[in-house]
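Before any comments, here is the structure.
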Amino acid sequence: MSSHNSTPAEPISIVGGGPKKVLYTLKTVARIGLLNSAKALNSKNTCKACGLGMGGQRGGMTNEKDEFPSVCNKSIQAQSTDIQAPIPEDLFTHTLDDFKQLSAYEIEHLGRLNTPLFKSADGNKYTPVSWEFALDKMARSFAATHAERTFFYSSGRSSNEAGFVLQLLARLYGTNNVNNCSFYCHQATGVGLYNVIGTSTATVSLEDVGNCDCIFVIGANPSSNHPRFVHQLKNCRERGGQVIVINPAKEPGLVRFAVPKSAKSMFSGGTWIASEYVQPKIGSDLALLKGIAKALLEAQHIDEQFIAQHTDNFLVFKQDIDNTSWQTITTHCGIDQEVIQQLAQAYAKAERAIFAWGMGITHHLHGVENVEAIANLALLRGMLGKPAAGLLPLRGHSNVQGIGTVGVKPILAEDVLLQLEKHTGAQLPRSAGMDTLACLTAAHEGKIDAAMVMGGNLFAATPNSHWAQQALDKIPFKVYLTTTLNLGHVTGMETSEALILPVTARDEEWQPTTQESMFNYVRLSDGGINRLHNVKPEVEILCELGKRLLPECPLDFNQLKQHDSIRAAIAATIPGLSELKDIAHTKQEFTIQNRLLSTPEFATKNGKAQFQTNVLPETITNNDFPFVLASIRSEGQFNSIIYEETDSYRGTNTRWSVLMNKEDIQALGVAAGDAVTLRSAQGEMKAVTVFAFDVPRGNVLAYYPEANVLIATTYDPRSKTPAFKSVPVQVTPCK
């Protein structure tokens, strides 16, 4: 390929993976203790990191293909957080202001929370309290407000069992304001896929990935965020397949990656990953994807029989592509026509192609349109409804998909609501529930009185940090269920009450729990490790709240504390999960029914996949804000959790930084290592360090969540996902 923004894989100075990560793992293992780490990693519990999934009943370092070892740096990092000593209670003599002086890394590494904490509305400290006080206070606070003035939120860390009880408790209480972290990440995926194929999750299995001959990786950086997926990319290349990467940033780990489990990869200095690497401008993916479609149509590299038999709306789609000029496409995305045509030719050679994407696709005002465009490309060549081909959203947290499956979302299908009512004997509300950002917006307007946040860091996950702090503080009472402290527990509660309740980690659960991977595969975690003496499982806490808050409820919350009882309720009410009922006894992990597509039968009204037609978005930059910023995650973090301040893959030594094209750096009259200020319409980041990086001109990168101060609360109207990765900014040298 010949374009300044598109090059074949070539040698560069930084290689992903490799000895550095091995040394990091050894250092982490040494810190947490060899026996502790071995016990945690080998126990029959699902990995706590990304949605790729491993562990469960095959053992902690084995995936569903029985590949061993499947452990990666992210799983080591997650274990290191859980295997910490308790936070000394003497620390809570310090004020919230003292805790706010800590970095995200420092507060995460204070240790495990091992006592309930309470902060009064007029206080500036957390006070350790008894469980009885905490449970009573929680129940009285929710009882004192109308259910519609509350919300219930879950991260993807929790189990299916806890998620199901959370949403059921909220609805029995009287609200559908039930939501989860997917509204800040892959909700656009769910909406887009549903519009095209009638289902909202991956259509392929891990086994399919192992048998395909082409993988597109679009708007994702699995070398940092899903390291074990890079093993699959390596394997694809080694069996003669193609890996086509579409990403504005030239990520070193997607060019070349030294896979720790492969001696050949390690000793050779790394395996070449990308066969093609194309760098469109930030936010221009829709134009590039339309361009690939245009090239396929012009060269007649399409499956006409598949399109005729199994799809609708093709002629409307084709007319739109025909009407979109090459000049429009190339101007929008910054990629030359011949380069796009070469991408189409590469795709045309594939017999079994899989499209994988991340939040570089969904974090835009047109995230749904991006996902629909990816699905359109799969339909054009019949890459849906056959083995080893299809669609694969790269989910972030280990059970974020499961949390959505079991109903932690504001809208449930009517048949599911009817089944829940039949199972519980109670009437459930039909009022429209609010998504995550809508709940925070209502809070900012003074319309929320109480909130329950189960896991995660809602403050750090929300755009416009000053606004987020105000919104959270305007909620008079909040309760957080967590294993460790984070900045979200000391920010946004300056004038409000808060309870923080310590919960068991996944491998400490008193009873077995289940989790769902991005491949729709359900695992069973045994739990059972005993580390701390004063923590409780989330289900135990939720059921205790239910007993106190809803004493007249026909549902027996004491019975619901038994996870077998919860799984029976899930199996009876949630489609595709009938096998969950007896999983603790059969130990048979399984793939959820009717999600993988090995035949072209779609869950749409007429059984056909639906081509979608979309208009290219307007340019978001202007004279005041001429750059486009995307927020990114580093190698040393997972979601908002910071494990390392440095980023070994990108060569940065501080998170307070901006990554820029070297020509833009020169044009500003500064040099790498200098300080600049980033400004948007929302806020500014002062004196951030400049690093040169391979991105298109006019594009800059900054780390999340630090960059949230720059990001607006505007969102994709169809998925309600904020535009974390298309932010107009200015960059000015510091005097």
Side-chain angles (χ1 to χ4, degrees), residues 179 181-196 200 218-220 246-249 280-291 320 324 328-329 331-334 357-376 393 434-441 444 461-465 467-468 612-622 624-632 678-683 696 698-702 704-705 707-730:
N179 50 69
C181 55
S182 71
F183 282 93
Y184 284 168
C185 54
H186 263 293
Q187 186 66 16
T189 288
V191 175
L193 290 186
Y194 184 83
N195 293 341
V196 177
S200 301
I218 311 174
I246 298 174
N247 194 324
K281 293 184 287 189
I282 291 172
S284 69
D285 302 275
L286 184 56
L288 177 58
L289 295 167
K290 277 193 166 189
D320 174 71
T324 306
T328 298
I329 289 169
T331 300
H332 266 76
C333 68
W357 66 93
M359 289 179 288
I361 284 294
T362 61
H363 275 176
H364 303 278
L365 298 180
H366 52 280
V368 172
E369 288 91 329
N370 285 342
V371 173
E372 290 172 343
I374 291 172
N376 286 339
M434 293 188 289
D435 62 82
T436 305
L437 187 60
C439 285
L440 269 296
T441 301
H444 199 267
T462 299
N464 197 338
S465 303
W467 180 92
Q612 301 294 314
T613 300
N614 293 300
V615 177
L616 294 179
E618 299 288 332
T619 301
I620 62 171
T621 54
N622 54 51
D624 291 332
F625 303 108
F627 290 90
V628 180
L629 174 142
S631 61
I632 55 173
L678 301 178
R679 289 188 182 89
S680 72
Q682 284 65 50
N699 290 180
V700 299
L701 311 173
Y704 158 96
N708 281 357
V709 70
L710 303 171
I711 298 170
T713 55
T714 50
Y715 54 84
D716 173 7
R718 292 203 279 170
S719 69
K720 316 304 182 186
T721 302
F724 287 98
K725 296 195 187 299
S726 47
V727 184
V729 298
Q730 63 176 236

Task: Side chain Gln682, main chain Ile711, donor-acceptor under 3.5 Å - done: no
Task: Heavy-atom side-chain contact between Leu678 and Phe627 under 4.5 Å - done: no
Open item on the list: For the CG atom of Leu288 and the CD1 atom of Ile246, what is their distance to the nearest 0.5 Å?
Closed with: 5.0 Å
Task: Minimum-distance pair of heavy atoms, taken over all atoms of Thr721 and Thr362 - done: CG2-O, 3.8 Å
Task: side-chain contact (heavy atoms from CB on, under 4.5 Å) between Leu629 and Ser680, worked out - done: CA-CA 10 Å; Leu629 174 142; Ser680 72; over 6 Å; no
Open item on the list: Does Ile329 form a side-chain contact (heavy atoms from CB on, under 4.5 Å) with Thr324? I'd like the steps, not just the answer.
Closed with: CA-CA 7 Å; Ile329 289 169; Thr324 306; 3.7 Å; yes
TODO: Check Gly367 against Asp716 and note the closest heavy-atom contact, atom names and distance.
DONE: N-OD2, 3.5 Å
TODO: Check whether any side-chain N or O of Glu372 sits under 3.5 Å from a backbone N or O of Asn195 as a donor-acceptor pair, and report yes or no.
DONE: no
Open item on the list: If we ignore hydrogens and angles and just use 3.5 Å, is the side chain of Lys725 paired with the main-chain N or O of Ser631 as donor and acceptor?
Closed with: yes
Open item on the list: Quick one: does any side-chain atom of His332 pair with a main-chain N or O of Thr619 as donor and acceptor, under 3.5 Å?
Closed with: no
TODO: Would you check if the side chain of Asn376 reaches a backbone N or O of Gln612 as a donor-acceptor pair within less than 3.5 Å?
DONE: yes
TODO: Hey, could you give me the CD1/CD1 distance between Ile218 and Ile374, rounded to the nearest 0.5 Å?
DONE: 4.0 Å
- [ ] Please report the shortest heavy-atom distance between Tyr184 and Phe724, naming the atom on each side.
- [x] O-CE1, 4.0 Å
Open item on the list: Is any side-chain heavy atom of Asn179 closer than 4.5 Å to one of Cys439?
Closed with: yes
Open item on the list: I need the minimum non-hydrogen distance between His364 and Gly283, along with the two atoms involved.
Closed with: CE1-CA, 3.6 Å
Task: Donor-acceptor contact below 3.5 Å, side chain Asp285 vs main chain Ile361 - done: no
Task: Separation between CD of Gln187 and OH of Tyr715, rounded to the nearest 0.5 Å - done: 13.0 Å
Open item on the list: Looking at every heavy atom in both Ala373 and Leu286, which two are closest together, and how far apart are they?
Closed with: CB-CD1, 3.5 Å
- [ ] Spell out, as yes or no, whether a donor-acceptor pair under 3.5 Å connects the side chain of Lys290 to the backbone of Val615.
- [x] no
- [ ] Mark yes or no for whether Asn614, through its side chain, and Asn370, through its backbone, hold a donor-acceptor pair below 3.5 Å.
- [x] no
- [ ] Give, for atom SG of Cys185 and atom NE2 of His363, the distance between the pair rounded to the nearest 0.5 Å.
- [x] 6.5 Å
Open item on the list: Donor-acceptor check, side chain of Asn464 to backbone of Thr713, threshold 3.5 angstrom: yes or no?
Closed with: no
Open item on the list: Looking only at the side chains, is there a donor atom on one of Thr462 and Trp467 sitting less than 3.5 Å from an acceptor on the other?
Closed with: no
Task: Separation of Leu440 CG from Thr436 OG1 (nearest 0.5 Å) - done: 8.0 Å
Open item on the list: Could you check whether any side-chain heavy atom of Leu701 comes within less than 4.5 Å of a side-chain heavy atom of Ile282, counting everything from C-beta outward?
Closed with: yes
- [ ] Any chance you could measure Glu369, atom CD, to Arg718, atom CZ, to the nearest 0.5 Å?
- [x] 4.5 Å
- [ ] State, to 0.1 Å, how close Ser284 and Cys333 come at their nearest heavy-atom pair, and which atoms those are.
- [x] OG-CA, 3.3 Å
Task: Phe183, CZ atom: more than 12 neighbouring heavy atoms under 6.0 Å - done: yes
TODO: May I ask you to check whether over 12 heavy atoms, not counting those of Phe625, lie within 6.0 Å of atom CZ?
DONE: yes
